[in-house]
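Report on one structure; see the data block that follows.
To find a chain, count down the sequence lines: A is the first, B the second, and so on, and within it residues start at 1.
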Amino acid sequence: MFRILKKSLKTGVVTGRHPAAAPTVEAPTSEAQDKAKPFRSSLAFRAVDTGSCNACEMEMNALANPVYDIERFGIHIAASPRHADALVVTGPVTVNMERALKDVYKQTPDPKIVIALGDCAINCGMFKGSYAVTGPVDRHVPVDVRIPGCPPRPAEILKALSELRERKP
Amino acid sequence: MADAQTAMIQLKEAYGASIAEMTPINGTPRLRVKKDDVPQVAHFLHTHPSLRGALSLLWAVDHRPRESRYELCYLFTLAERKDWLLLCTDQPTDDRLFPSITPHIHAAKWYEREIRDMFGLIPKGHPDLRRLVRHEHWPKGTHPLKKDFPWNRVMGRQQGEHHFRQIEGEGVFEVPVGPIHAGIIEPGHFRFSVAGEPIMQLELHHFWTHRGVEKLFEQQELTAAVPLAERVSGDTTVGHGLAYCQAVESLLHLQVPRRGRYLRSLFLELERLHNHLGDVGAICNDTAYALPHAHCGRMKEQLMQLNDRLSGSRFLRGVNRVGGVAVDLTAVQLAEIVAELDRIEKDFSELESIIASNASLTDRLETTGILTERTAWDHAVVGVVGRASGLDQDLRRDRPFAAYDELQVKVVTYRYGDVRARMRVRMDEIHESMRLVREVRAKIPQGPVAVEPSSRPQAGEWALSAVEGWRGEILYLVMAGENGNIHRCKVRDPSFVNWPAIQWAVLGNIIPDFPLINKSFNLSYAGNDL
Ligand code: SF4
């Protein structure tokens, strides 16, 4: 018990101790910002992997660690698409995952936003053209926000998400 | 005990008429076996008490257009000295049947189903001929690795449904899970049959993330495909990149400079560290013990930021290149790494004693998800999972690559094969990796870090390479094609052999323990599905 307390006190607060994000390549469109409006202070997202190499997943998981602590911005990870406001899709959409992606999209209640995370989701990346890939994501479901990178750094994901929720001037 | 040479002599004594010696492939003895005798020869190699060969890799090659034949190759690792022995057999293009070795050797089960899907060759006598990689909606006759299948073909769709093995009886329920899971993980489907709480059967239905990686390799040049190898399984960027580079280097007869080899070992250990740290935290988190998860997440993040500072990539992407490494480190950077690791080691040791003194955690981890040594051996399980079940194997010691011939690797094994053993292996390996990094810093020589490739291999030459990634053995087979292109690249992530074993580890456990068991294996879906 005391050991745990001591450890926590010694560690202190680490949140925010990360390098600043590079400037966002693609600023969110005003339509996307409008769509994100209803979720301003609370956004629940569901991650859907449609064939990623799992580095994008790891960076998303990193968002939940104490350094990035995405929950402090009111962003949670939902366990089911039915509880989600946004879908974060990674990967180039494989032949085998195409149906599942469409199903998930249907199951997510309106209004919803779709975020394509990583180069694969945006343009199939290195897997473009393969017999087993039918993407990119926007061929199958409408995409509102694109976060490029292979994989994008957590700070960049965080920045893109917060820009999405910024009030328009 | 038996090395590969005595094994060959024994095999020739027993099956002289059906085998012939061939030229070795990078030092690995190779035997040509008559097609119909493969099962007996393989069985002998697998079960003979002085050989006990474990099937490490089984692959097929379509030699067209140069030669009109297929070839099947079986790579065995002999028990004691971990020598390799290769059996190869020809398969005419007009014959679709080949004899299955699965009835004798359990570990061949998925390989043979994979060959059936990818090449359209049918393993005769295989107990389970359902599709594996190609889900049932793929049209008939689509076998992507055949040379007459275009790499960018647009796939149609047919009706079809996957049939799971069913257990019937009063009170038996099936629980489907996936492909999309509750956490942020990759897609895969698990089908449980339960009676009350305990799991009676688990069946995996994977390959959702199949992206056609092996076919994509065939569209690339030998020296240009490292980025693709790094994206086979993102969390094993260095492991896969290195394994690929090594295979190409032995094809091109390149000698990587010593400093380059030391840096490769260093990067590989850094990758092992951040993944093991993440896993220890995640295992605790799956028992709802969030404190270690937070601390491990923080330490893992420190390491990833360190990676970013060293190489410009949090996953160390682009550090390996054919001929050496692309990133050289200064003495200051090496000192920074060691200082950072010293801090983290102290930090982690404190956390370890907190974890170890938590009785309810220990209670949850002990005897959960036991994979016995026998089952592990039958499935030729590799890496962390194998070492937790008592299999004393580690390529860093057994087949040294990079700079491991000059570094002393202590192999960690535990006997119990439960979740706790798998966590303990990781914890001990964290300390061992940190020690290795320090050893690298102390021993690293000056000099160049890479050499330029100059020659080109002849079409049809091939090489094998093996790397002990953080998850386990990564194997690559690379065969050169015309004009410096790749003719065939077989990738084997450790996940491919460890996934089937999980079906045995969960038996008798309850479903709520499955996420915990799964986490303690922590296998890659992307690396498995390719
Ligand atoms: S974008 Fe890059 S990191 Fe993300 S899934 Fe694709 S290959 Fe992996």
Side-chain angles (χ1 to χ4, degrees), chain A residues 3-4 6-8 10-11 14 17-19 46-69 77-81 88 90-92 94-101 103-104 120 124-134 150-151 153-154, chain B residues 134-135 137-138 142 144 149-155 157 179-180 182-187 207-213 215-216 219 227-228 230-235 237 278 282 291 293-295 297-298 300-302 304-305 308-309 314-315 317 347 350-351 353-354 357 524-527 529:
Chain A
R3 215 174 352 197
I4 295 174
K6 195 173 145 213
K7 178 95 190 139
S8 304
K10 222 164 97 181
T11 309
V14 295
R17 277 203 220 155
H18 56 78
R46 171 80 282 239
V48 183
D49 174 346
T50 59
S52 94
C53 75
N54 77 25
C56 278
E57 269 63 48
M58 262 175 85
E59 295 299 48
M60 251 196 286
N61 274 320
L63 288 175
N65 75 24
V67 177
Y68 298 101
D69 189 20
I77 298 155
S80 157
V88 178
T90 58
T94 60
V95 168
N96 289 344
M97 277 307 285
E98 185 189 321
R99 276 279 158 87
L101 173 64
D103 283 350
V104 155
C120 282
C124 297
M126 297 221 72
F127 307 106
K128 192 178 198 146
S130 161
Y131 65 87
V133 164
T134 69
C150 185
R153 294 183 172 84
Chain B
R134 305 180 309 141
H135 283 185
H137 60 74
W138 290 41
T142 43
F149 185 94
W151 73 280
N152 51 3
R153 174 170 161 163
V154 179
M155 198 70 69
R157 225 184 157 88
I180 293 171
I184 305 183
I185 49 170
E186 301 169 74
F207 298 91
W208 300 85
T209 71
H210 177 71
R211 294 148 290 164
V213 171
K215 192 80 176 179
L216 285 168
Q219 314 311 315
L228 182 58
E230 290 181 335
R231 282 158 184 80
V232 166
S233 180
D235 49 15
T237 295
L291 178 100
H293 182 55
H295 282 294
R298 170 176 61 79
K300 177 183 169 134
E301 178 63 29
Q302 284 169 11
M304 308 236 358
Q305 290 180 13
D308 203 356
R309 289 199 297 278
R314 289 164 55 89
F315 291 84
R317 287 211 162 138
D347 203 345
E350 288 169 8
L351 183 66
S353 57
I354 292 175
S357 61
S524 164
Y525 300 70
D529 302 355

With a 4.5 Å cut-off on heavy-atom pairs, point out which of [options] contacts chain B the most.
options                           : value
A:Gly129, A:Cys124, A:Pro19       : A:Gly129
A:Arg46, A:Lys128, A:Arg17        : A:Arg46
A:Ala132, A:Cys53, A:Gly91        : A:Cys53
A:Ser8, A:Ala47, A:Gly51, A:Ala78 : A:Gly51

*Could I get the full list of ring pair (Phe, Tyr, Trp, His ring centres under 6.0 Å) partners for A:Tyr68, not counting sequence neighbours?*
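Per chain and number, A:Tyr68 pairs via ring pair (Phe, Tyr, Trp, His ring centres under 6.0 Å) with A:His18.
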Side chain from CB out, backbone as N, CA, C, O: work out which of these in [X] comes under 4.5 Å of a heavy atom of chain B, or both, or neither.
X        : result
A:Asn96  : both
A:Ser52  : backbone
A:Val95  : both
A:Ala100 : both
A:Pro81  : neither
A:Ile4   : both
A:Val88  : neither

Identify which part of [X] has an atom lying under 4.5 Å from any heavy atom of chain A, answering side chain, backbone, both or neither.
X        : answer
B:Gln305 : side chain
B:Arg157 : side chain
B:Ile184 : both
B:Leu228 : both
B:Asp347 : both
B:Arg309 : neither
B:Thr237 : neither
B:His293 : neither

_Is the distance from the ring center of A:Tyr131 to that of B:His210 below 6.0 Å?_
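A:Tyr131 vs B:His210: aromatic centres under 6.0 Å.
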*Answer yes when A:Lys6 and B:Glu350 have at least one side-chain N-carboxylate O distance shorter than 4.0 Å, and no when they do not.*
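No, no charged N to carboxylate O under 4.0 Å.
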Using side-chain heavy atoms (C-beta onward) and a distance below 4.5 Å, is [X] in contact with [Y]?
X        : Y        : answer
B:Arg134 : B:Phe207 : no
A:Thr11  : B:Arg298 : yes
A:Cys150 : B:Arg317 : yes
B:Asp308 : A:Arg153 : yes
A:Glu57  : A:Thr90  : yes
B:Tyr525 : A:Asn54  : no
A:Met97  : A:Asp49  : no

Among [options], who wins on heavy-atom pairs under 4.5 Å with chain A?
options                                : value
B:Asp235, B:Val213, B:Thr209, B:Asp529 : B:Asp235
B:Arg314, B:Gln219, B:Met155, B:His295 : B:Arg314
B:Pro179, B:Pro144, B:Ala526           : B:Pro144
B:Val232, B:Asn152, B:Ile185           : B:Asn152

*Do you see a donor-acceptor pair shorter than 3.5 Å between the side chains of A:Arg3 and B:Ser357?*
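Per modelled atom types, A:Arg3 and B:Ser357 side chains form a pair under 3.5 Å.
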_Please verify the inter-ring angle class for B:His135 with B:Trp208; under 30° counts as parallel, over 60° as perpendicular, anything in between as tilted._
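B:His135 vs B:Trp208 ring planes: perpendicular.
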_As a quick check of understanding, evaluate side-chain contact (heavy atoms from CB on, under 4.5 Å) for B:Arg153 and B:Thr142, giving each step before the final call._
CA-CA 10 Å; B:Arg153 174 170 161 163; B:Thr142 43; 3.6 Å; yes
*asked:* My understanding is that only residues two or more places apart in sequence, or in another chain, count here; which of them pass side-chain hydrogen bond (donor to acceptor under 3.5 Å, both in side chains) with A:Thr50?
replied: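 side-chain hydrogen bond (donor to acceptor under 3.5 Å, both in side chains) check on A:Thr50 returns nothing, list empty.
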